[in-house]
Amino acid sequence: MTTAKLILDGKEYEFPVIVGSENEVAIDISTLRAKTGAITYDPGYGNTGACQSAITYIDGDQGILRYRGYPIQEIAAKATFVETCYLLIYGELPNAEQLSAFRHQLTYHTLLHEDMKKFFDGYTAQSHPMAIMAAMLTSLSTYYAESDDPDVINLNIIRLLAKAKTLAAFSYKKSIGQPYIYPRNDLSYTADFLHMMFAVPAEQYQVPDVLDRALNLLLILHADHEQNCSTSTVRMVGSSRASLFASIGAGVCALWGPLHGGANQEVIEMLEMIQADGGDYQKYMNLAKDKNSSFRLMGFGHRVYKNFDPRAKILKAAADDVLNALGVQDPLLDIAKNLEEIALKDSFFVERKLYPNVDFYSGIIYRAMGIPVDMFTVLFALGRLPGWIAQWKEMRGDPSTRINRPRQIFTGATERHYKPVSER
Ligand code: SDX
């Protein structure tokens, strides 16, 4: 398949076809408007490829997810989150020397400039940590100059990865009125974050291994997901040659939406609502199917996965393991499992291919770990950070990148002329 033909207004046009390494086929319409004067129309971009990428591959029908060719099941079972960051950003799994150097860099860039602590003073305890993260990550550009020099870009990539977890932990401590716990160089990336979250100055806090392993898994599963809403936002903003920090700040804002990364918070609030309503999950299943109801089964459905989200499968098993290891009995997990069981047999969900997505079980685990619900999407952002960075780096390194500027079909008033107010 090398070309595609289009007949418009009786005239035939031919466009090249692009075939990817997994035999995905795209019609290259980059000359469509010049040749035909017409544009395509694809609200939500469900049928539109915005770029070519070598980072993450998803097959929605087969439930396949691979990071740089490695199946998510293998990475989740065998890798660390730091290895996954290296793989996504630099394209290969690090050897021992590369991993040691990368770990050292991430360890020795975790501190914030002391003046950044003053930023937190302006936030109330009720300030949503996603608002804080978006502002703080963008504000890193006020401390660290950016340039097109690859070494500067790489140093700022390290700073982002290292300081994001400090900013996230500090936003949590701010919300509960506790003193900030500073990063420790003797702890792993994930253990250090948990220590900054849960340690208090008055006593020694030993990060439980079960929490460290659970967080490592959760961050890996969220690390990248090709051209989702927030990643496309990072590419869109970065295409104007905006800085890495500004592009990532925009990605945090896009992720916050309840239809995207904010869904993990919405799922728990939905399950709590069902529990408070006597656990009548069938009532809420019926609401989800009712066209007159705005209720949606949060954590269900996906634009790409039309079979199952492999991350949800891994997280469902992990939820049982983590809660058992922590000795936590959470009735919300039973409600979630009952909802899934009913949905997978219900024609409304089956016909629309609505299955649990990554957000359906993740919140159950965060909750068992003692993470407060308004920090769930912050954890999603921490996990997605290497993916956003890798995609931004790939976009900026691609000489064919142009500023993103979609077109439109205008449906408003045709030309008319101003009349003085006395004549309106
Ligand atoms: C993430 O893109 C990514 O990769 C995202 C992500 C990542 O890693 O980056 O995977 C992370 O964002 C996961 C999705 C988290 N969001 C939610 O769980 C929110 C609930 N789900 C939905 O709102 C919805 O399923 C989306 C947003 C996920 C997908 O939306 P689409 O593809 O635009 O689908 P749609 O809204 O057009 O729905 C198609 C049909 C509709 O019914 P009909 O009009 O055909 O009758 O399915 C129905 C919808 O009403 N539907 C749902 C539903 N999701 C879709 N009905 C009830 N409950 C739901 N959750």
Side-chain angles (χ1 to χ4, degrees), residues 42-50 53 55-61 63-67 72 76 84 88 130 218-235 251-271 274 281 283-315 336 339-340 342-344 346-364 376-377 379-388 390-391:
D42 182 23
Y45 304 117
N47 304 283
T48 297
S53 177
I55 299 169
T56 294
Y57 173 66
I58 300 175
D59 181 322
D61 296 323
I64 291 172
L65 168 58
R66 299 193 197 119
Y67 293 160
I72 189 63
T84 306
L88 288 169
M130 282 296 276
L218 283 157
L219 295 181
I220 286 174
L221 291 175
H222 288 83
D224 193 47
H225 214 238
E226 54 128 290
Q227 305 310 316
N228 59 83
C229 178
S230 54
T231 300
S232 299
T233 301
V234 169
R235 280 181 171 261
V252 172
C253 293
L255 185 73
W256 194 6
L259 295 186
H260 190 15
N264 55 20
Q265 175 168 350
E266 298 279 328
V267 168
I268 290 298
E269 289 168 356
M270 172 188 75
L271 295 174
I274 294 173
Y281 42 81
K283 169 183 169 185
Y284 289 88
M285 289 299 288
N286 297 336
L287 271 177
K289 300 190 298 185
D290 179 354
K291 278 292 167 207
N292 300 317
S293 157
S294 61
F295 178 80
R296 278 205 162 181
L297 204 53
M298 301 311 277
F300 261 74
H302 200 278
R303 178 63 61 77
V304 176
Y305 289 123
K306 298 307 176 190
N307 189 326
F308 61 89
D309 182 334
R311 302 167 298 177
K313 277 198 164 189
I314 296 169
L315 284 168
L339 284 173
E340 177 184 11
I342 294 177
L344 296 185
D346 185 294
S347 60
F348 177 91
F349 288 83
V350 172
E351 283 161 14
R352 290 166 179 78
K353 299 177 184 281
L354 301 177
Y355 296 89
N357 58 49
V358 68
D359 293 312
F360 192 59
Y361 286 105
S362 56
I364 300 274
F376 287 6
T377 312
L379 271 291
F380 192 144
L382 280 186
R384 187 51 53 88
L385 194 52
W388 286 334
Q391 299 271 353

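Start at 1 and go down the list; that is how both ligands and their atoms are numbered. Heavy atoms only: backbone and side chains are in, while hydrogens, waters and symmetry mates are out.
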Under 3.5 Å side-chain donor-acceptor pair for Ser230 and His260: yes
closest protein heavy atom to atom 32 (O) of ligand 1 is Arg303 NE, 2.7 Å
Per-atom filter on ligand 1: closer than 4.0 angstrom to a heavy atom of Gly299 are 17 (C), 18 (O)
Closest heavy-atom approach to atom 3 (C) of ligand 1 among His302, Glu266, Arg352, Arg384 is made by His302
Asn264 side chain to Gly363 backbone, donor-acceptor under 3.5 Å:
no
Looking at Lys291, Arg296, Met285, the heavy atom closest to atom 24 (C) of ligand 1 belongs to Arg296
At under 4.0 Å between heavy atoms, what of Phe360 touches ligand 1? The answer is neither
Any protein heavy atom at under 4.0 Å, with atom 30 (O) of ligand 1 as the reference point? no
In ligand 1, the atoms that come under 4.0 Å of a heavy atom of Asn228 are 2 (O), 3 (C), 4 (O), 5 (C), 9 (O)
Distance under 6.0 Å and angle within 45° of ring axis: Arg352 vs Phe349:
no
Per-atom filter on ligand 1: closer than 4.0 angstrom to a heavy atom of Leu259 are 12 (O), 14 (C), 15 (C), 16 (N), 17 (C), 23 (O), 27 (C)
Protein non-hydrogen atoms only, distance under 4.0 Å: does atom 13 (C) of ligand 1 have such a neighbour? yes
All heavy atoms of Leu88 vs all of Gly387, minimum pair found to be CD1-N, 4.3 Å
| request: Please confirm whether the backbone N or O of Gly63 pairs with a side-chain atom of Asn307, one donor and one acceptor, at under 3.5 Å? | output: no
Note: ligand 1 atoms sitting under 4.0 Å from heavy atoms of Phe348 are 56 (N)
Worksheet entry | Test item: protein heavy atom less than 4.0 Å from atom 37 (O) of ligand 1 | no
Among non-hydrogen protein atoms, atom 28 (C) of ligand 1 lies closest to Gly301 O, 3.6 Å
Closest to atom 11 (C) of ligand 1 among protein heavy atoms sits His260 ND1, 3.8 Å
When distances are taken from atom 4 (O) of ligand 1, the protein heavy atom at minimum range is His225 ND1, 2.6 Å
Checking heavy-atom distances from atom 55 (C) of ligand 1 to each of Asn357, Leu354, Asp359, the winner is Leu354
Is Lys313 atom NZ crowded by more than 12 heavy atoms from other residues, nucleotides or ligands, each under 6.0 Å away?
no
With side chains defined as the heavy atoms from C-beta onward, is the minimum distance between Ile268 and Met298 less than 4.5 Å? no
Near Ala263 (heavy-atom distance under 4.0 Å), the atoms of ligand 1 are 15 (C), 16 (N), 17 (C), 18 (O)
**OP:** May I ask you to check whether over 12 heavy atoms, not counting those of Phe348, lie within 6.0 Å of atom CZ?
**Re:** yes
message = Check whether Asp309 reaches the backbone of Pro356 with its side chain - one donor and one acceptor, N or O, closer than 3.5 Å.
response = no
On a heavy-atom basis, the closest approach of Arg384 and His225 is NH2-CB, 3.5 Å
Out of Arg311, Met298, His222, the nearest non-hydrogen contact to atom 8 (O) of ligand 1 is supplied by Arg311
Do Val267 and Tyr361 come close enough that some side-chain heavy atom pair is under 4.5 Å?
no
Fill in: atom 20 (C) of ligand 1 protein-contacted, heavy-atom criterion under 4.0 angstrom
yes
Ranked by distance from atom 57 (C) of ligand 1, the top protein heavy atom is Ala288 O, 3.8 Å
(request) Compare all side-chain heavy atoms of Gln391 with those of Val234 and state whether any distance is below 4.5 angstrom. (result) no
Nearest non-hydrogen contact to atom 59 (C) of ligand 1 from the set Val358, Leu297, Asn264 belongs to Leu297
